[in-house]
There are 2 protein chains.
Amino acid sequence: MPAGDGDTIGNAEIGDRRETGTLGKLMLLLDIVTHADAPMRFTDILAVAGQPRGTLHRQLSHLSEEGLLEVDPDGRYAPGLRLLELASRSWARNEFRLIAEPHLRSLQQLTGETVHLGVLRGTSVIYLDKVEGRQPVRMYSQIGNASPVYCTGVGKAALSILPDARVRALLADVSFQRFTPSTHTAGTLLAELAEIRRSGNAFDREEHEVGIRCVAAAIHSEDLSFVGGISVTGPAYRLTSERLDDWAEPVRQTAQSIMSDMRIGLGPRR
Amino acid sequence: MPAGDGDTIGNAEIGDRRETGTLGKLMLLLDIVTHADAPMRFTDILAVAGQPRGTLHRQLSHLSEEGLLEVDPDGRYAPGLRLLELASRSWARNEFRLIAEPHLRSLQQLTGETVHLGVLRGTSVIYLDKVEGRQPVRMYSQIGNASPVYCTGVGKAALSILPDARVRALLADVSFQRFTPSTHTAGTLLAELAEIRRSGNAFDREEHEVGIRCVAAAIHSEDLSFVGGISVTGPAYRLTSERLDDWAEPVRQTAQSIMSDMRIGLGPRR
DNA sequence: CCGATAGTTCCATTATTCAGAACTCAATTT
DNA sequence: AAATTGAGTTCTGAATAATGGAACTATCGG
């Protein structure tokens, strides 16, 4: 039995054969290796990749030569540093992040809790930035992380601004996993989205992780090419219901400010 | 004139034609787009990529479809979120980082300054981790950043443990850029490496950035498949010469501890 | 020393990619 | 409004690189 949970790999990735030729096959390999929780040996990859040995060997060689994978002396494959390098540049220059950053900071100042910026991608939320309080910061701890839409404040806020048809289409591809007793199912989620639309705030009351709550609001471009949100997150004992309610307004306000900056920064074409 | 400084792109990347077929060409495009300081239009990329239009169009489509690039409504290409996602997973599971982390923390505690973990890749140092002090200072993602070998503590420490022939070969590919009055040139660097080898510590006295100093020590696996270092970095007014000397020993010690953990964690094959 | 497991190289076949041109669409110019 | 330019997209036979099967070479355990 190979290392890594080979079948948790690509909830959405696997199955839909993309039209990306050679690249698609290589990306699948990258996904396999980055999802594994330990470096994989050639044979381990062979077992899940569904490619002939010769082919796989060449593909892995190319990926390694480009630094996307790293081969240790025992011939085990791990994700390569080139990925970090590319991501670091892409993060540092991300327009949305740059625009949102000062606003996230002031929201952090106001609340004293951790503030997140996330964006909807496919059926996941990807965190683009994070501003923490005083504690020593674990940098990538959250940034770049893909989390489920249906049980995160940012995810639900993002869904709330999509037209109903698109929400349904999107949720069809999601397998609802029960993380805590309060985690949503397909049915309860749709009901809550209506509520979020009205109030302008999404809450996560220990739906993803026990003991963690948050209040969020959506951020989106007019044409919905960008759909995401921001949230204030913290431990349940500090984020009481009253607290969450108190912060609902400032979170909405901050989201508004970011959106208006986005229109200035990105709106006027060129 | 296209956006971005198209010729600063790949000091080391451009020129050496790698044997990675299709992948190599696609990676070149990724490099172009991630290095640009603003999203690039099709034509901008066309100008620097040296590919026929039809070809380039398909390549960019594939990259976008895979989420490695993102196309905004105006048809401009920016690095995609998929990169963050891949990097985040790869970072979270990186063996060296995981092993080093607790040691970096205690070194940070001891010194109160920022501690870095970096690794040598080609002619650059890539930062793998960073532990900061209490300041609400930006966690400004140093992580994943590629910095020159010849003017960073970690870089010089790393070079110091390589055999002289390899150092020379490596430096041949480096174009020494003068960042500050103290930045090394090819000649002075080799001399310093000898000194570093003896003492076990590398220093950066405002060679990369005015006002920033650091003391570093090398970390490497026995077979040199991993070559990097750690450093304590801070503002010159706090990191006086005496301070740097005081911390030289603990930095060496920490490097030692990490190396011995690496042997336990990675040494016994399988 | 043998058999087995793991990884690598080879090469005819086949599928992708290539390069150039033709085409569409929108914004400018005349 | 018609013509022109610029930007991006689609199409096609020809060129190239990827494929898959098999043969080859370690390396390991007994």
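Computed from a predicted model, the values in this text were never measured in an experiment. We name chains A, B, ... by the order of the sequence lines, and we start the count at 1 in each one. Side chains included, hydrogens not; waters and symmetry mates left out as well; all remaining heavy atoms used.
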- Check: A:Ser257 main-chain N/O paired with A:Ser260 side-chain donor or acceptor under 3.5 Å: yes

- Item | Any donor-acceptor N/O pair, B:Asn94 side chain to B:Trp91 backbone, under 3.5 Å | no

- Item | Expected output: side-chain B:Ser124 to main-chain B:Leu120 donor-acceptor under 3.5 Å | no

- Note on the structure: Taken to the nearest whole Å, CG/B:Asp74 to P/D:dA7 is 14 Å

- Task: Enter the distance from A:Leu84:CG to B:Arg121:CZ here, rounded to the nearest 0.5 Å.
- Result: 10.0 Å

- Item | Spacing of A:Arg76 atom CZ relative to C:dA6 atom P, expressed in whole Å | 14 Å

- Item | B:Arg252: salt bridge (charged side-chain N to carboxylate O under 4.0 Å, His left out) partners, not counting sequence neighbours | B:Glu249

- Query: Given D:dT10, C:dA6, C:dT9, which nucleotide is nearest the side-chain atoms of A:Thr43?
  - Reply: C:dA6

- Note on the structure: Given protein heavy atoms under 4.0 Å, the one-letter contact record of nucleotides 17-30 of chain D, with B base, S sugar-phosphate only and - none, is simply SSBBB-B-------

Ignoring hydrogens and angles, write down the donor-acceptor pairs under 3.5 Å from the side chains of residues 47-63 of chain A, residues two or more places apart or on other chains.
| unit_1 | atom_1 | unit_2 | atom_2 | d |
| --- | --- | --- | --- | --- |
| A:Ser61 | OG | A:His57 | O | 2.7 |
| A:His62 | NE2 | B:Glu19 | O | 3.3 |

- Item | Carboxylate-amine/guanidinium contact A:Arg168 A:Asp173, below 4.0 Å | no

- Task: Could you tell me the separation between the CG atom of A:Asp72 and the P atom of C:dG7, rounded to a whole number of Å?
- Result: 11 Å

- Give a yes or no on whether the backbone of B:Ser160 and the side-chain of B:Arg197 come within a donor-acceptor separation of less than 3.5 Å. yes

Measure all distances between protein nitrogen or oxygen atoms and nitrogen or oxygen atoms of nucleotides 11-14 of chain C, and list the pairs falling under 3.5 Å.
none

- Here the distance between atom P of C:dT8 and atom CG of A:Leu46, to the nearest Å, is 12 Å

- Task: Could you check how far CD of A:Glu65 sits from P of C:dT8, rounded to whole Å?
- Result: 14 Å

- Distance-only polar pair, side chains of B:His116 and B:Asp129, donor-acceptor under 3.5 Å: no

- Looking at B:His57, does any N or O in its side chain come under 4.0 Å of the phosphate oxygens OP1/OP2 on D:dT9? yes

- One would report the end-axis bend of the helix from C:dC1-D:dG30 to C:dT30-D:dA1, five pairs per end and rounded to 10 degrees, as 30°

- Query: Who are the salt bridge (charged side-chain N to carboxylate O under 4.0 Å, His left out) partners of A:Arg166, not counting sequence neighbours?
  - Reply: none

- Would you say the side-chain atoms of A:Thr20 and B:Glu66 include a donor-acceptor pair closer than 3.5 Å? yes

- Would you mind reading off the distance between B:Leu26 atom CG and C:dT17 atom P, rounded to a whole angstrom? 8 Å

- Item | Length of the CG-P vector between A:Leu60 and C:dA6, whole Å | 16 Å

